[in-house]
Amino acid sequence: MPCVHDPRHTMKLLVIILNYRITDLTIDCLRSLAPEISSVLGMKVAVCENGTGGDAEARLREAIAANGWAPWTELTAIHPNRGFTGGNNVVIRKWMASADPPDYFLLLNADTLVKPGAFKTLVDFMDAHPRTGVAGSRLEWPDGSPQGSPHRFTSIASELDRGLQLGIVSKLLARWGANMPTPSEACQVDWVGGTSMIIRRSVVKAIGPLDEGLYTYFDDIDYCLNAKRAGWQTWFVPESKVTHLGGASTGIVDTSRKRIPAYWFQARRRFFLKNYGSLYTALADAAFIVGFALWRLRRLIQRKPDTDPAHTLFDFIRNSVFVTGFALRDVENPALRRE
């Protein structure tokens with residue numbers, strides 16, 4: 001049911017931004033959203049300095065003070081880095097326990113630029129659709145072209161398709177493929193990216209905050225799946241537009257051959273085991289490994305340029321359940337290993 005307005009309740013929207021080694025981009029993000037603060041009555045921003053160290057906290061405080069952002073921005077600094085899930089949860093738990101928790105939390109990547117009306121559009125949509133628990137913005141590259149959002153839930157078929165990279169197979173498996181054409185109108189979808197994702201407070205109360213065992217990846221698909229299982233819908237709202245520079249804090253970008261970090265594979269493994277069980281995870285692992293091995297062979301035979309991240313097949317096999325077993329484990333936080 002729609003919320004009845006309580007005059008004592010002042011918090012409508014809390015935007016959460018994590019900074020980790022991209023302080024300049026975080027300041028640019030704050031600058032882009034500053035004109036939007038007045039568009040939503042009862043909106044605040046919480047910045048979490050997520051273990052960068054050095055002068056990052058001081059620079060953020062200086063920028064907040066110098067630009068007059070202090071009335072609507074709070075800064076929390078934590079150490080060490082707790083990943084996307086842990087950093088966001090520090091803020092979510094604090095505000096859920098406060099006397100005036102927000103109606104909505106909006107997770108926003110620091111490497112984004114907010115376009116006019118992006119937040120108001122999401123809030124208005126959520127107010128008008130009380131069964132919607134999660135919604136996401138249209139993510140765009142700097143040239144305005146759409147990024148890969150929203151998505152279908154990952155499956156054995158989508159893992160085979162992702163590994164094989166063969167056009168005819170992709171057409172046959174299109175209805176199960178993880179990627180989908182970017183809708184031009186608001187529609188219900190399986191999941192949206194955590195780059196710009198609004199979550200209803202009632203959902204957090206029902207299923208909790210993000211799974212910190214995932215550390216940094218697969219948290220958005222995991223959250224949308226668990227929200228669905230709890231009876232909530234996820235929607236894609238393309239009228240809300242956010243420019244995403246992409247992969248700035250993790251180094252994972254589509255055009256890079258940089259090796260995929262171990263925590264990505266560990267998060268994938270945890271997501272599948274947690275949500276689908278051992279047999280399904282084994283079949284999903286096998287589907288990707290077989291598909292990707294065939295793709296690597298075809299690339300070699302056809303002399304296609306090698307654009308895959310380095311050592312992907314080896315790393316995937318090494319992190320699969322066939323090597324690591326079926327125990328459900330938390331992702332290893334690389335920041336803790338460096339302590």
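Side chains included, hydrogens not; waters and symmetry mates left out as well; all remaining heavy atoms used. Values in this document were obtained by computation on a predicted structure and should not be read as measured data.
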side-chain contact (heavy atoms from CB on, under 4.5 Å) between Met180 and His151, intermediate numbers included: CA-CA 6 Å; Met180 56 185 290; His151 311 272; 5.6 Å; no
Would you please test Arg59 and Glu57 for salt bridge (charged side-chain N to carboxylate O under 4.0 Å, His left out) and show each step? CA-CA 5 Å; Arg59 290 182 59 206; Glu57 180 184 357; over 6 Å; no
Within the side chain of [X], is there an N or O that forms a donor-acceptor pair under 3.5 Å with the backbone of [Y]?
X	Y	result
Asn319	Asp315	yes
Asn67	Trp69	no
Gln266	Glu332	yes
Gln147	His244	yes
Thr73	Ala70	no
Thr281	Leu273	yes
Arg201	Pro102	yes
Thr85	Tyr215	yes
Asp219	Leu210	no
Asp211	Gly213	yes

Going by atom types alone, do [X] and [Y] pair a side-chain donor with an acceptor below 3.5 Å?
X	Y	result
Ser240	Thr121	no
Asp285	Tyr280	no
Asp308	Trp295	yes

Would you check, one step at a time, whether the test salt bridge (charged side-chain N to carboxylate O under 4.0 Å, His left out) holds for Arg61 with Glu49? CA-CA 10 Å; Arg61 292 196 185 281; Glu49 206 307 285; over 6 Å; no
[X]/[Y] ion pair, N-O < 4.0 Å:
X	Y	result
Glu212	Arg93	yes
Arg162	Glu159	yes
Asp103	Arg200	no
Asp100	Lys12	no
Asp190	Arg152	no
Asp222	Arg270	no
Lys120	Glu239	no

Run the ring pair (Phe, Tyr, Trp, His ring centres under 6.0 Å) check on Phe292 and Phe316 step by step: do they pass? CA-CA 10 Å; Phe292 194 74; Phe316 202 101; 8.0 Å; no
Mind checking whether [X] and [Y] have side chains closer than 4.5 Å, heavy atoms only?
X	Y	result
Lys44	Val15	no
Val242	Lys115	no
Arg82	Cys48	no
Leu33	Leu108	yes
Ser196	Leu107	no
Arg131	Trp232	no
Thr182	Arg138	yes
Leu225	Phe153	yes

Same cluster (ILVMFWY, side-chain, under 4.5 Å), Phe288 and Val323: yes
Let me check something: do Val90 and Phe84 share a hydrophobic cluster, defined by ILVMFWY side-chain heavy atoms less than 4.5 Å apart, either directly or through other members? no
Roughly how far, to the nearest 0.5 Å, is [atom2] of [Y] from [atom1] of [X]?
X	Y	atom1	atom2	result
Leu245	Leu113	CG	CG	5.5 Å
Asp111	Thr195	CG	OG1	7.0 Å
Ile64	Ile27	CD1	CD1	8.5 Å
Asn88	Asn50	CG	CG	8.5 Å
Arg268	Ile221	CZ	CD1	10.5 Å
Cys29	Ile22	SG	CD1	8.5 Å

If you look at every heavy atom in [X] and [Y], which pair is closest and at what distance?
X	Y	answer
Gly291	Leu160	CA-CD1, 4.1 Å
Thr26	Leu18	OG1-O, 4.4 Å
Arg31	Pro35	O-CD, 3.5 Å
Val91	Ala46	CG1-CB, 3.6 Å

Pick from Leu106, Val123, Leu122, Asp124: which one makes a side-chain contact (heavy atoms from CB on, under 4.5 Å) with Val40? Val123
Taking the six-membered ring for Trp and the full ring for Phe, Tyr or His, determine whether the centres of Trp235 and His129 are under 6.0 Å apart. yes
Is the Phe218-Trp264 ring centre distance short of 6.0 angstrom? yes
Parallel, tilted or perpendicular: which fits the ring planes of Phe272 and Tyr276, with parallel below 30° and perpendicular above 60°? tilted
